[in-house]
2 protein chains.
Amino acid sequence: MPKDRAPTRIQKKNRAAILEAALNVFSAHGFRGATVDQIAAEAGLSKPNLLYYFPSKEAIHTALLSGLLDTWLAPLHELDADGDPMEEILSYIRRKLQMSRELPRESRLFANELVQGAPRIHEALSNDLKALVDDKTTILTQWMDEGKIARLHPYHLIFSIWALTQHYADFDVQVRAILGNEDPFAGAEPFIDTLYRKLLKP
Amino acid sequence: MPKDRAPTRIQKKNRAAILEAALNVFSAHGFRGATVDQIAAEAGLSKPNLLYYFPSKEAIHTALLSGLLDTWLAPLHELDADGDPMEEILSYIRRKLQMSRELPRESRLFANELVQGAPRIHEALSNDLKALVDDKTTILTQWMDEGKIARLHPYHLIFSIWALTQHYADFDVQVRAILGNEDPFAGAEPFIDTLYRKLLKP
DNA sequence: TCTTGATTTGACCATCTGGTCAAACTCACG
DNA sequence: CGTGAGTTTGACCAGATGGTCAAATCAAGA
C-alpha cells in the first residue's frame, strides 16, 4: 500500500477505475455475487494489483457505498422550506426520477443492499438517512398545517416518492419486459407528476 | 433419486422443508449469496440428503420460483372487468399490500431476482406476466374510455401499484429504520388508499 | 543517469462451495 | 420378521474465490 501522502496520478486513475468497475459489478450481482476477479478484469487490472489499492472486497464495497451516499441523498437535501410547497415537492420528485434514469447502477447498488437487509449500511440508515428524513418531514408537516398541501402521513409520502421513482431503475428488466420498446421515463414522468399534483392538492 | 411414482410421506415432508428453507435463504441472500449448506442446515438435512431430493441448487431455485409465480400473480388475475372499477382497483391494491405484509420473503425473492436482471425468470416476465398485464390494462383502458376512472397511462398505473405495495416488503429495513416502532402497514394502507382514490377519481 | 519509492505480477495458499458416491441405515409391506 | 426400495451420510473431489508475498518492473526527482 502506498504511503498516506497525496495520491499520485496513477493512484487516482486506478482507484477511480476500480470504483467504476465495482459499481458495475456490485450493482449487477450484489456483494456476494460479485467476485474480485470480475472487478479487477473490468478495471483492467490484475487481482493482486487491485488488492494493492484496496485491502479487501469489503473495503471496495464500503468505499463505494459511502462515496455515493451523499449523491444519493442530495435530492432530498435540496428540498427547501422557503420554496413553494407544491413546486418543491414536484422538483424533488423530478430529481429523483432523473437519478433513476441517469444513475440506475447506483440505484441498484443500494437496492441490492437494502433487499438483503442492508447488513453493511444499517448504521447509515438509522443515522444519516433517518435524520435527514426527520428534518424534511418536519417541513412537510408544516406545509400541511398551513394548508399548503393535503394532509398525509409525511413518512409514507416520502416512501411513495422513493418507491415510484426508484422502481424504474431497480426493476428495469420487468418494466422493459412489459413496455417493450416504449421509453419507460417518457410515460413515467407525466404519470408521476399527475399523481402527486392530485395527491397533494389541498 | 426416487422413482417417479406417487411421492412418499417422507418425500413430501422433505421437499416441503427444503422449499421452505430455500425461501428463507434465497430471499435473504439472493441466488448467488445462498449456499446449499445453508439451505440444508435450515431444512434440517445434510447436504447430500438435500441433493437427493433436488439435483442442484439451481433446481431448487427454479422449483421455488415457478411454484410461487402463480401466487404472485393471483391478485392481478382477480381484477374483474365486470366489477365496479374503483372498487376493483382498490381491492387489487389491498391484496397486493396484504401480500407484502404476509409474504415478504416471497416479495424479496422476486425483488432479488429482478434487481439483478432476472437472469432466471426473464422468460416468465416476457410471456406470462406480459400477457396478464396486457389483458388487465385492456380492462383499465376500457374503464377510462367509459369515464369510470381518470385517464392515465395504464402500464404506469400498474407499475405504481407494484412499486408502492412491494416497497414495504422489499425495503423493509429502510422503512423500519425511519419509522422506528410504528407499524409500517398501519400507515401505508390508508395512505395508499387515499392516493389512489384521488388519482383515479374521474 | 541513478536511485528509491511506487506499481505490477506470477505463483501460491486456505477456505468455501456445488456436487458425487458407495456404503449404511430405515421403513413399509408381504 | 425378512426383504427390497427408499433414505441418509461420511468421505471425497474439482473448481472458484478471497487474499498473500516476494520478486520484478516502472516512474520521477535529484
Side-chain angles (χ1 to χ4, degrees), chain A residues 1-65 112-113 116 119-120, chain B residues 1-65 112-113 116 119-120:
Chain A
M1 319 125 194
K3 303 278 165 61
D4 45 356
R5 291 180 208 164
T8 67
R9 175 181 56 86
I10 295 175
Q11 275 168 43
K12 268 189 217 164
K13 191 194 67 179
N14 283 344
R15 282 180 168 271
I18 290 168
L19 290 176
E20 169 71 15
L23 176 57
N24 278 331
V25 178
F26 282 133
S27 69
H29 304 287
F31 181 77
R32 193 67 160 50
T35 74
V36 176
D37 278 297
Q38 232 178 325
I39 299 171
E42 186 116 358
L45 300 172
S46 66
K47 184 168 59 169
N49 199 181
L50 180 149
L51 289 166
Y52 169 74
Y53 290 100
F54 288 90
S56 68
K57 179 183 174 182
E58 180 99 34
I60 305 172
H61 195 251
T62 302
L64 191 59
L65 280 173
N112 255 306
E113 190 64 14
Q116 293 182 14
R120 280 166 286 271
Chain B
M1 320 127 194
K3 304 279 163 63
D4 46 355
R5 292 180 207 165
T8 67
R9 175 182 57 88
I10 295 175
Q11 277 170 39
K12 269 190 216 165
K13 192 192 68 179
N14 283 345
R15 282 180 170 271
I18 291 167
L19 290 175
E20 169 71 14
L23 177 57
N24 279 330
V25 178
F26 282 133
S27 68
H29 304 287
F31 180 77
R32 194 68 162 44
T35 72
V36 176
D37 277 297
Q38 235 179 321
I39 299 170
E42 186 115 356
L45 300 172
S46 66
K47 184 168 58 169
N49 198 8
L50 179 149
L51 290 166
Y52 169 73
Y53 291 100
F54 289 90
S56 68
K57 179 183 174 181
E58 181 99 34
I60 304 171
H61 194 251
T62 302
L64 192 58
L65 280 173
N112 256 305
E113 190 65 14
Q116 292 181 14
R120 281 166 285 273

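The figures that follow rest on heavy atoms only: side chains count, while hydrogens, waters and symmetry mates do not.
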Practice problem: Please report how far the helix from dT1(C)-dA30(D) to dG30(C)-dC1(D) bends, comparing the axis fitted to its first five pairs with the axis fitted to its last five, to the nearest 10 degrees. | Solution: 10°
Exercise. Using atom NE2 of His61(A) as one end and atom P of dG19(D) as the other, report the distance to the nearest whole Å.
Key: 13 Å
Quiz prompt | Test side-chain contact (heavy atoms from CB on, under 4.5 Å) applied to Ala59(A) - qualifying residues, sequence neighbours left out | solution = Pro55(A), Ser56(A)
Quiz item: For dT9(D), does OP1 or OP2 lie under 4.0 Å from any side-chain N or O of Asn49(B)?
Solution: yes
Quiz item: Are any of Tyr52(B)'s side-chain N or O atoms less than 4.0 Å away from OP1 or OP2 of dT7(D)?
Solution: yes
Self-check item: Atom-pair distance (NZ on Lys12(A); P on dA27(D)), nearest Å
Solution: 18 Å
Quiz item: Closer than 4.0 Å, any side-chain N/O of Gln11(A) to the OP1 or OP2 of dT7(C)?
Solution: yes
Quiz item: Which atoms form the tightest heavy-atom contact between Ala43(B) and Ala17(B), and what is the distance?
Solution: CB-O, 3.7 Å
Quiz item: Is the distance from OP1 or OP2 of dA28(D) to the nearest side-chain N or O of Thr8(A) less than 4.0 Å?
Solution: no
Quiz item: So which heavy atom on Leu64(A) is nearest to which on Leu19(A), and how close?
Solution: CD1-O, 3.6 Å
Quiz prompt | Test item: Phe54(A) and Thr62(A) side chains (from C-beta on) under 4.5 Å apart, heavy atoms | solution = no
Practice problem: May I have all residue pairs that pass salt bridge (Lys or Arg N to Asp or Glu O under 4.0 Å) and include part of residues 40-62 of chain B, sequence neighbours excluded? | Solution: Asp37(B)-Lys47(B)
Exercise. Output all residues satisfying side-chain contact (heavy atoms from CB on, under 4.5 Å) with His61(A), sequence neighbours left out; order by chain, then residue number.
Key: Phe26(A), Phe31(A), Leu65(A), Leu109(A), Glu113(A), Arg120(A)
Quiz prompt | OP1 or OP2 of dT8(D) under 4.0 Å from side-chain N/O of Asn14(B) | solution = yes
Quiz item: Base, backbone or nothing for each nucleotide of nucleotides 10-28 of chain C, written B, S, -, heavy atoms under 4.0 angstrom, 5' to 3'?
Solution: BB-----SBBBB-----SS
Exercise. Report the residues that fulfil side-chain contact (heavy atoms from CB on, under 4.5 Å) with Asn49(B), sequence neighbours left out, ordered by chain and then residue number.
Key: Leu45(B), Ser46(B), Tyr52(B), Tyr53(B)
Quiz item: Considering all heavy atoms of both residues, which atom of Ala34(B) and which atom of Val25(B) are nearest to each other, and what is their separation?
Solution: CB-CG1, 3.4 Å
